[in-house]
Amino acid sequence: MRTSDYARILEGTAHLIELTGGNAFRAKAFDRAARTLRKYAGDLDALIERGEHVGMDGIGTALARDLVVIQQTGTLPLFEELRAQLPDGILELVQIQGLGPKKVKKLYDELAVGSLEELADAIESNAVSKLSGFGPRTQDNLARELERLQRQSGRTPLPRALEIAEPVVAFLRGLDSVEAAELAGSARRGRETVGDLDFIVAATDPEAVMQAFVTMPDVTEVLAHGPTKSNVMLLDAMSADIRVVAPDRYGSALHHFTGSKDHHVDLRSRAKARGLRICEYGVFNAADTDDSNPLASASETDVYAALGLPFIPPELREGGGELDRAGRGALPRLLELSDLRGDMHMHTTASDGRSSIEEMAKAAKALGYAYIVITDHSKSSVIANGLDEERLLRHMDAIDAVDAAMDGIRVLKGIEVDILRDGTLDLDHAVLDRLDFVVGSIHAGFRMDRATVTARLLRAIGTGKLHAIGHPTGRKLGSRDGYELDMEALIAGCLEHRVALEINASTGRLDLNDTHARMAAEAGVPIVINTDSHSAGGFTQMGFGVTIARRAWLGPEQVINTRPWDQVMAALGR
DNA sequence: GCCGTTTTCGGCCCGACTGTTTTCAGTCG
């Protein structure tokens, strides 16, 4: 069973408990356990088999037993029992914005609505607006939400979300009474996909800010508009919330709306243990029931300090043990963009890039890099005009010529060699030996099962000719899932043969992701962060790789391209 | 169902906004 299967069953059980009028806290417990599982990057199946899942966050004796049952039978009796009482489509209804368990239950009890289609029919016949507790406005909102679901579903990749959000932040900062404005929420934490955008503003005239916000040109729909909080649709693509607060409450508000939910749950229990209370208006004495006298609220640093903690970077606020570590003063010094001295995976006009070797070198030098490695495709990638041995040898001479002509940056010879279906490499080993850096990647034959792909990668690593595995899972963000892979086996192989795993920072990939990168680095595998640029403009994507690294708790010492070139091989242990 | 420097029982975050209501339940983050 895959991790997502376990999580899906627990999540479904949580919804069904609520829908059948069960104990809401019991439902919450199932939901919390599901989230804990989704966060676990290792082999959950094996963990359960070893009985080591007992004691995970939110998993007590009962849920631990339930997980064993799911492993053995593929499902859970409680889940099946509740599911038999309601149509399957009802779980889709809970996903709709504006529909919670109570309203879904009412729709089902009174109108027999048990699926998205039936809801559409009920709206069509105007029956929804006649239910008590509903009304014409609610019916309209549901109709719009259904339409939106059909048009687009799910979360927006982080790069696209930032593209939409950054102009809005600039707009808000330019308004008259605004002292500070920031993008909060999961985008600020750097999650690879973003559900909706949250903007926090410190301003002396909240209503003016609110009015300006809801009338921005990018706003295609106003969903809510209050004196301090509004919700709009931006470019028909993303829902965006805004909160305006007094400047002296900016820190606590920014903190509150940055989340995550799990981080806040942990933080509140810590506050409680210290006789404190924390909300969006600040940190208070628990006994202090009004919000006028906060102990801390102006900055996030103040908020954490009031709880006896150092500032915790947003990327770590996922409820993944960051409070414990912060409390012991043991947070890592996280990687920063300025730590990186080189980029070791990029393409030129020799294969499928759009810039020359020289253009790449000049752009990299302008960014302050000390070295780059030119890694064009190998011959199997025919569509990408990949190089055979003969063309590669000539290409190497061209790289040397640019290197000799450039001051202040090393231009090194590499290749992104295809890992073929049988795990052999696409180029002659003797030629590979003459390169400075070899990235091995899978570009074809994705439809293999987990064991076959894993063996394929391990055989490639075993050649001893690779320095790094490029985009290790092959996923394309938002469009392709990538191949199934035994990540623990890959990590063990990389450790044994001293091969780095890449965080591919190109906006279409972000691969490795944060959980896998954390897992690899904790095991001791060297990480390399590359843009896989196909033009001189592509280097700007490096920031996304750094964000993933930070979410993976990585510091500069775990990333090989923070080192000077002459120490990179040593960092690989070679 | 989970959890414990307040607890092995009794809590479980809490405030804004909407839409429907005549004072508030439901939803969201």
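In the text below, chain A, chain B and the rest are named by the order of the sequence lines, each starting its count at 1.
Listed pair Gln139(A) / dG19(B) fails the phosphate criterion, with no side-chain N or O lying under 4.0 Å from OP1 or OP2. In terms of phosphate contacts, Tyr281(A) brings no side-chain nitrogen or oxygen within less than 4.0 Å of OP1 or OP2 of dC13(B). At least one side-chain nitrogen or oxygen of Thr138(A) sits closer than 4.0 Å to the OP1 or OP2 atom of dT20(B). OP1 or OP2 of dG15(B) sits under 4.0 Å from a side-chain N or O of Arg277(A). Between Arg268(A) and dC13(B) there is no side-chain N or O to OP1 or OP2 distance below 4.0 Å. For dT18(B), the OP1/OP2 oxygens have no side-chain nitrogen or oxygen of Asn141(A) closer than 4.0 Å.
Nucleic acid contact for His264(A): none, since no nucleic acid atom lies under 4.0 Å from a heavy atom of the residue. In this structure, Arg137(A) reaches the sugar-phosphate backbone alone: every heavy-atom distance under 4.0 Å involves primed, P, OP1 or OP2 atoms, never a base. In this structure, Thr228(A) reaches the sugar-phosphate backbone alone: every heavy-atom distance under 4.0 Å involves primed, P, OP1 or OP2 atoms, never a base. Using a 4.0 Å heavy-atom criterion, one finds that Ile278(A) contacts no nucleic acid atom at all. Across all strands, Phe257(A) comes closer than 4.0 Å to no nucleic acid atom at all (heavy-atom distances). Ile96(A) comes within 4.0 angstrom of the backbone, heavy atoms only, and of no base. At the heavy-atom level, Thr61(A) lies under 4.0 Å from the strands shown only through sugar-phosphate atoms.
Within the cation-pi definition used here (under 6.0 Å to the ring centroid, within 45° of the axis), Arg317(A) qualifies as a partner of Phe311(A). Annotation: cation-pi geometry not satisfied between Arg249(A) and Tyr281(A) (NZ/CZ under 6.0 angstrom from ring centroid, within 45° of ring axis).
Rounded to the nearest Å, the gap between the C1' atom of dC17(B) and that of dT23(B) is 16 Å. With both ends at atom P, the span from dT22(B) to dG15(B) equals 25 Å, rounded to whole Å. Here the separation of dG11(B) from dA16(B), taken at their P atoms, is 25 Å to the nearest Å. Going from the C1' atom of dT18(B) to that of dG10(B) covers 33 Å, rounded to whole Å. Comparing the same atom, C1', in dT6(B) and in dC12(B) gives a spacing of 14 Å after rounding to whole Å. Using atom P as the reference point in both dG1(B) and dT5(B), the two lie 23 Å apart (nearest Å). When the P atom is used for both dT21(B) and dC13(B), the distance is 30 Å, rounded to whole Å. Atom C1' of dT8(B) sits at a distance of 9 Å from the matching atom of dC3(B), rounded to the whole Å.
If you measure from atom CZ of Arg243(A) to atom P of dC14(B), you get 15 Å, rounded to the nearest angstrom. Atoms CZ (Arg65(A)) and C1' (dG1(B)) sit 11 Å apart, rounded to a whole Å. Atom pair Arg32(A):CZ and dG11(B):C1' shows a separation of 14 Å (rounding to whole Å applied). Spacing between atom CD of Glu280(A) and atom P of dC28(B) amounts to 17 Å, rounded to whole angstrom units. What separates CD1 of Ile242(A) from P of dC17(B) is a distance of 12 Å, to the nearest Å. The distance from atom NZ of Lys102(A) to atom C1' of dT20(B) is 16 Å, rounded to the nearest whole Å. The separation between Lys229(A) atom NZ and dG29(B) atom C1' is 7 Å, rounded to whole Å. Between Lys261(A) atom NZ and dC14(B) atom P the separation is 14 Å, expressed in whole Å.
With dG1(B), dC3(B), dG19(B) as the choices, the nucleotide that has an atom nearest any side-chain atom of Asn23(A) turns out to be dG1(B). Side-chain atoms of Asp241(A) lie closest to dG29(B) of the nucleotides dG29(B), dG11(B), dT27(B). Here dC28(B) is the nucleotide among dG1(B), dT20(B), dC28(B) with the atom lying nearest to any side-chain atom of Gln97(A). Checking dC17(B), dT6(B), dG26(B) against every side-chain atom of Lys272(A), the shortest atom distance belongs to dT6(B). Between dT6(B), dG29(B), dT18(B), one nucleotide has an atom nearer to the side chain of Ala273(A) than all others, and that is dT6(B).
dT8(B) is unpaired under the Watson-Crick or G-U wobble criterion, no partner having all donor-acceptor distances under 3.5 Å.
In this structure a side-chain-to-backbone donor-acceptor pair under 3.5 Å is present from Glu322(A) to Gly320(A).
Asp176(A) CG: 12 or fewer foreign heavy atoms inside a 6.0 Å radius. With a 6.0 Å radius and a threshold of 12 heavy atoms from other residues, nucleotides or ligands, Arg137(A) has its CZ atom at or below the threshold. A 6.0 Å sphere centred on CD of Glu52(A) holds more than 12 heavy atoms belonging to other residues, nucleotides or ligands.
For the pair Thr220(A)/Leu234(A), no side-chain contact is recorded, criterion being any heavy-atom separation below 4.5 Å from C-beta on. For the pair Val68(A)/Ile48(A), a side-chain contact is recorded, criterion being any heavy-atom separation below 4.5 Å from C-beta on.
In terms of position along DNA chain B, the nucleotide closest to Val265(A) lies nearer the 5' end than the nucleotide closest to the other residue of the pair Val265(A) and Leu99(A). Nearest-nucleotide positions on DNA chain B for Gly98(A) and Phe134(A) put Phe134(A) closer to the 5' end.
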